[in-house]
Amino acid sequence: MGKVLIIGAGGVGTVVAHKCAQNPDVFNEIVIASRTKSKCDAVAKAIGKPNVTTDQVDADSVPELVALLKKHQPDIVINVALPYQDLTIMDACLECGVNYLDTANYEPKDEAHFEYSWQWAYKERFEKAGLTAILGCGFDPGVSGVYTAYAAKHYFSEMETLDIVDCNAGNHGKAFATNFNPEINIREITQKGKYYENGEWIETEPQEIHKTLNYPNIGPRESYLLYHEELESLVVNFPSIKRARFWMTFGQEYLTHLRVIQNIGMASIDPIMYNGQEIVPLQFLKAVLPNPKELGENYVGETSIGCRISGKDKEGKPLTYYIYNNCSHEEAFKETGMQAVSYTTGVPAMTGAMMFLTGKWNKPGVHNVEEFDPDPFLDVLNKQGLPWHEIINGDLEL
């Protein structure tokens, strides 16, 4: 049994707290903290258990984080705050001797730049402190890496191509809304695409490469190549991979709104002066868009996320392998009050913390999820609302 501190009380943090509370044999104490304590109080009230408490913290401030950690003395921090705050939270964990887990890589506020170098630089410090840091333990990144590790362990002698495919076929009834933090979401989608092939990274224009892919129980959806951070770690940890790509579906209405937002400058992260005050257009846009946390009630449909892998099986014969999960927005909302995009990120974060607290993923240093044993993680995932399925020697379409 262990004590967990969840930093962040948005949609993902809400799911993490609900799922930790459902597993009191592992998480006997749960603390939820964010900049706005009332948000944490609302989550704790919805859960309604005496072992869930709340606190306030500015995750941009290392001294505030250190004070929080010293006050509560958790065994592990689950960071579901903003990616800008990964390093301050890691610094505080090192100072206080606390283990760490997050769902997205660090990125600087002033540049849409996605890579693990900043966090990998902490490897030696965490090793020397005897602390474990688990990076990217959501779905993608997260389960996508665990799926890849599972494929390598059980099916492949050599993986040659990897395509991570992410489809949200849900409908929330809004003209335009993002499924997680709008600022992060729009930065991610409007950056240039990038994929890995034959030892090199190849850059593309945003949404330049796209094709129709068929998703289980959903059917055909137009899918767009973009860059996602787990590709960076997966090609390092599985060097036989010759090509690695990431695909995500977007509806035409969403893309039209996105183009307008870009064309009129509202996707910009460069500060401007307005009425004598400095504002960032994208941050202002975030303030007027629907809150992702409040989309769940009317959300229908499902998500489908998985890995399509080709290569040689354990006997050296050609093999294609597709491992995936479909998640219902309606079912996610019934269980946690949140939609499936928050659910598919929050459940793996809880699962990764469970892996650490039960001694299955305990390795001092800074590690991406695919560096750990995938089997116990996927066994828990099956039981916690994200069952996975396999298609062997099917058409990968890629």
Could you go through the side chain to side chain donor-acceptor pair (under 3.5 Å) check for Lys37 and Thr54 one step at a time? CA-CA 7 Å; Lys37 187 174 181 292; Thr54 66; 3.1 Å; yes

Sequence neighbours excluded, which residues qualify as salt bridge (charged side-chain N to carboxylate O under 4.0 Å, His left out) partners of Lys128? Glu124

Which distance, rounded to the nearest 0.5 Å, do you find between the [atom1] of [X] and the [atom2] of [Y]?
X	Y	atom1	atom2	value
Ile209	Thr204	CD1	OG1	5.0 Å
Ile218	Asn168	CD1	CG	8.0 Å
Thr336	Glu331	OG1	CD	11.0 Å
Glu107	Gln191	CD	CD	8.5 Å

Determine whether a donor-acceptor pair (N or O, by modelled atom type, separation under 3.5 Å) exists between the side chain of [X] and the backbone of [Y].
X	Y	answer
Thr88	Ala59	yes
Ser342	Met338	no
Lys211	Leu398	no
Lys3	His72	yes
Asp313	Glu315	yes
Ser61	Asp58	no
Asn237	Ser233	yes

Does one side chain, of [X] or [Y], offer a donor that lies under 3.5 Å from an acceptor on the other?
X	Y	answer
Asp375	His154	yes
Gln252	Glu222	no
Glu29	Asn51	no
Tyr122	Asp91	yes
Glu335	Tyr343	yes
Tyr215	Asn217	no
Asn326	His389	no
Asn79	Asp86	yes
Glu230	Asn105	no
Ser310	Thr320	no

If you draw the axis of the six-membered ring of Tyr322, does the NZ or CZ of Arg308 fall within 45° of it and under 6.0 Å from the ring centre? yes

Identify which one of Tyr195, Trp247, Phe246, Trp201 satisfies the ring pair (Phe, Tyr, Trp, His ring centres under 6.0 Å) criterion when paired with Tyr227. Trp201

Between [X] and [Y], is any pair of side-chain heavy atoms under 4.5 Å apart?
X	Y	value
Thr148	Met159	yes
Val77	Asn99	no
Leu319	Lys314	no
Asn325	Ile305	no
Val280	Asp270	no
Tyr100	Cys93	yes
Val347	Phe139	no

Sidechain N-carboxylate O distance under 4.0 Å for [X], [Y]:
X	Y	value
Lys45	Asp41	no
Lys242	Glu158	yes
Lys71	Asp55	yes
Glu330	Lys334	no
Lys192	Glu205	yes

Determine, stepwise, if the pair Thr53 / Ile30 fulfils side chain to side chain contact (heavy atoms under 4.5 Å, CB included). CA-CA 6 Å; Thr53 58; Ile30 302 161; over 6 Å; no

Test log, rule side chain to side chain contact (heavy atoms under 4.5 Å, CB included), inputs Glu208 and Leu225: CA-CA 8 Å; Glu208 176 188 356; Leu225 186 146; over 6 Å; no

Note: Thr249 and Ser223 closest approach over all heavy atoms is CG2-OG, 3.5 Å

Run Gln22 and Lys19 through side chain to side chain donor-acceptor pair (under 3.5 Å) and show every step you take. CA-CA 5 Å; Gln22 289 175 17; Lys19 298 304 289 191; 3.1 Å; yes

In this structure, which one of Val52, Val16, Val4 forms a side chain to side chain contact (heavy atoms under 4.5 Å, CB included) with Ile32? Val52

Under the side chain to side chain contact (heavy atoms under 4.5 Å, CB included) rule, what do Leu65 and Val57 come out as? Steps first, then yes or no, please. CA-CA 7 Å; Leu65 287 161; Val57 71; 3.8 Å; yes

Per the ring-ring contact (aromatic ring centres under 6.0 Å, His included) rule, what does the pair list look like for residues 13-57, sequence neighbours excluded? none

Test side-chain hydrogen bond (donor to acceptor under 3.5 Å, both in side chains) applied to Asn368 - qualifying residues, sequence neighbours left out: Trp120

